[in-house]
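First up is the structure itself, then whatever we jot down about it.
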Amino acid sequence: MPGLAFFNIISGMLDPKFVRENSQLVKTLIEKRGVKLNWKDFLSLSQKRNEILKKVESLRFEQNKASKEIGWKKQEGENAASVIAEMRKVSDNLKILEEELKVLDEKVHAFLLTVPNIPHESVPEGKDEEDNEEVRRFGRPPDFSFSPKPHWDIGADLGILDFERASKIAGARFVIYYGAGALLERALINFMLDVHTREKGYREVIPPYVANEESLTGTGNLPKFEDDLFKLRGYSWYMIPTAEVPLTNLFRDEILEGEKLPARFAAYTPCFRQEAGSYGKDVRGLIRLHQFNKVELMTFSTPESSYDELEKLTADAEDILRRLDLHYRVVALCTGDLGFAGAKTYDLEIWMPHRRKFVEISSCTNCEDFQARRAGIRYRPGPMEKPEYVHTLNGSGVAAGRTVSAILENYQQEDGSVLVPEVLQPYMNGLERISVP
RNA sequence: GGAGAGGUGGCCGAGUGGUUUAAGGCGACGGCCUCGAAAGUCGUUAUUCUGAUUUUUCAGGAUCGUGGGUUCGAAUCCCACCCUCUCCGCCA
């Protein structure tokens, strides 16, 4: 008997019942993102699906009843041939309807997988990044008595960054770090992990750097954004684009105890992205690479406290930049700039002196129950109570490569050397300055 | 890579075609007992969908690793895949 398991276990991203019963509201909210979808077809499909489901269920009821009767008759040694003949017809009929139902279920589910999350009411409305709202700022741009160099020139002059040889080994959009540059990147990763795990209540995780299709569907990267992922040839594995993928899937298809929430995790991983469609952008330097290092923060929360957790997560990521004494600002993404799975996102943007611009260095997002629903992550509020979906939050805490570029540019000196931020010196064997060789 | 064993509810574990409507146990929750607790005892104890009722239930469907197949009927039989464990080989 063909099951409906796939519809039952992985519901859509949004609650299918809620979408069906409030389609007008959902449509309006989704359209704030500037996304248009074919709601009419969805509604008629969904309605049709329920009609067929009712028919299938009543036929199965009949079948179950008759089945018991046949068993009972056979045990008594009676002849059950007439009932069996009748049930054969029911069974044939059922097979046709079940096939129809399966097709409809797949269509409804496929539609729901393409619907993005509903933005939180506090998210500013807008078309694109121009409409994002600045929330706060820290520090101010450094004063230079000379014209500041871009970080790729600084790195090349110091002999710590090498883009040319990286492209020989791998290709464009890769980098090699040498000596103090490699040490700086490593020091940053250790510094960030130490702050988050010792002071902020996150548990360190080293996850796999590849993930399967189920995991990437759970986070919302599949099926819509396959083009940005590297797939391993001959395997159903993908290189992770962020540690958010393995971390979110830690508890896929599990029911957590309510007392264990909020559960906070921090993971350092490399991240791998195709960056398809960004050919002209950020072609130089450490800003946009196919492989980069990142410390990721992840929180599983109850629905009640998830927005408090978003503030905490953002503040924890910010604290890294504060301790490095880097000028940054916090921006609330508008409806049009919000990512697929996000209900609300704060971006942390770091000041880059050469470009005289802020550049994203962290993105802190509350996905509410969107990912949890796709990935089946629930919690039990109390003993004997019904399970509910958790809220998932993630944020970079922060991107290591971009931080290196910010340090090089903001801490550069007229003689070409770069001062090491004080908090990093213990992580770099006391090194205070990276000098021209 | 070779050989073998296995996957059943929160956990352990029985179940080789039809009163299995998944036994039994552990744990958890509640009642009784008690000054209180332990012990004892009685009861409750999965998830999910549809529809009624409406906030408390009721009726029905699905779920025994996943997906197919055989059958009037599958946890049980057949096929494919996934995962776990044991032994051997190779390897950081």
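Proteins come first, then strands; the chains are lettered A, B, ... in the order of their sequence lines, and each starts at number 1.
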Can you tell me how far [atom1] in [N] sits from the matching atom in [M], rounded to whole Å?
N: G73(B); M: A62(B); atom1: P; answer: 13 Å
N: U48(B); M: A37(B); atom1: C1'; answer: 40 Å
N: U8(B); M: A3(B); atom1: C1'; answer: 27 Å
N: G24(B); M: G30(B); atom1: C1'; answer: 22 Å
N: C82(B); M: C26(B); atom1: P; answer: 39 Å
N: U55(B); M: A75(B); atom1: P; answer: 37 Å
N: C42(B); M: U53(B); atom1: P; answer: 40 Å
N: U71(B); M: C79(B); atom1: C1'; answer: 16 Å

To the nearest Å, how far apart are [X] [atom1] and [N] [atom2]?
X: Glu98(A); N: U71(B); atom1: CD; atom2: C1'; value: 14 Å
X: Lys55(A); N: A62(B); atom1: NZ; atom2: P; value: 18 Å
X: Lys102(A); N: C49(B); atom1: NZ; atom2: C1'; value: 18 Å
X: Phe61(A); N: G73(B); atom1: CZ; atom2: P; value: 18 Å
X: Glu86(A); N: U71(B); atom1: CD; atom2: C1'; value: 17 Å
X: Leu59(A); N: G51(B); atom1: CG; atom2: P; value: 17 Å
X: Glu254(A); N: G9(B); atom1: CD; atom2: P; value: 14 Å
X: Lys386(A); N: C49(B); atom1: NZ; atom2: C1'; value: 11 Å

[N] pairs with, by Watson-Crick or G-U criteria that keep both distances under 3.5 Å:
N: U71(B); value: none
N: U86(B); value: A3(B)
N: C58(B); value: G51(B)
N: G36(B); value: none
N: G27(B); value: U45(B)
N: U76(B); value: none
N: U19(B); value: none

[X] vs [N]: side-chain N/O to OP1/OP2 distance below 4.0 Å:
X: Arg380(A); N: C29(B); result: no
X: Arg378(A); N: U47(B); result: no
X: Lys74(A); N: C72(B); result: no
X: Arg20(A); N: U50(B); result: yes
X: Ser58(A); N: G60(B); result: no

5′-ward residue of the pair Trp237(A)/Ile255(A) relative to RNA chain B: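 Result: Ile255(A).
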Residue mapping more 5' on RNA chain B - nearest nucleotide basis, Pro387(A) or Glu21(A):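 Whichever sits nearer the 5' end wins; that is Pro387(A).
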Aromatic contact, Phe272(A) with Phe230(A) (centres under 6.0 Å): no
Phe111(A)/Trp39(A) aromatic ring centres below 6.0 Å: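 Under 6.0 Å, so yes.
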Less than 4.5 Å apart, side chain to side chain, heavy atoms only: is that true for [X] and [Y]?
X: Arg186(A); Y: Asn190(A); value: yes
X: Lys102(A); Y: Glu106(A); value: yes
X: Glu368(A); Y: His120(A); value: yes
X: Pro303(A); Y: Asp369(A); value: no

Can you identify which nucleotide, out of [options], has its nearest atom closest to the [X] side chain?
X: Asn64(A); options: U48(B), A62(B), G60(B); result: A62(B)
X: Glu57(A); options: U47(B), C49(B), A62(B); result: C49(B)
X: Ile84(A); options: C72(B), U50(B), G61(B); result: C72(B)
X: Gln63(A); options: U47(B), C72(B), U50(B); result: C72(B)

Exam field: side chain Arg380(A) to backbone Glu257(A), donor-acceptor pair closer than 3.5 Å: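 Answer holds: no.
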Touch class at under 4.0 angstrom, heavy-atom based, for Lys89(A) against every strand present: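 The residue Lys89(A) makes no contact with any strand.
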Pairing of Lys312(A) and Asp308(A) as salt bridge, 4.0 angstrom limit: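 Looking at Asp308(A) together with Lys312(A), the answer is no, because their closest N to O distance does not fall below 4.0 Å.
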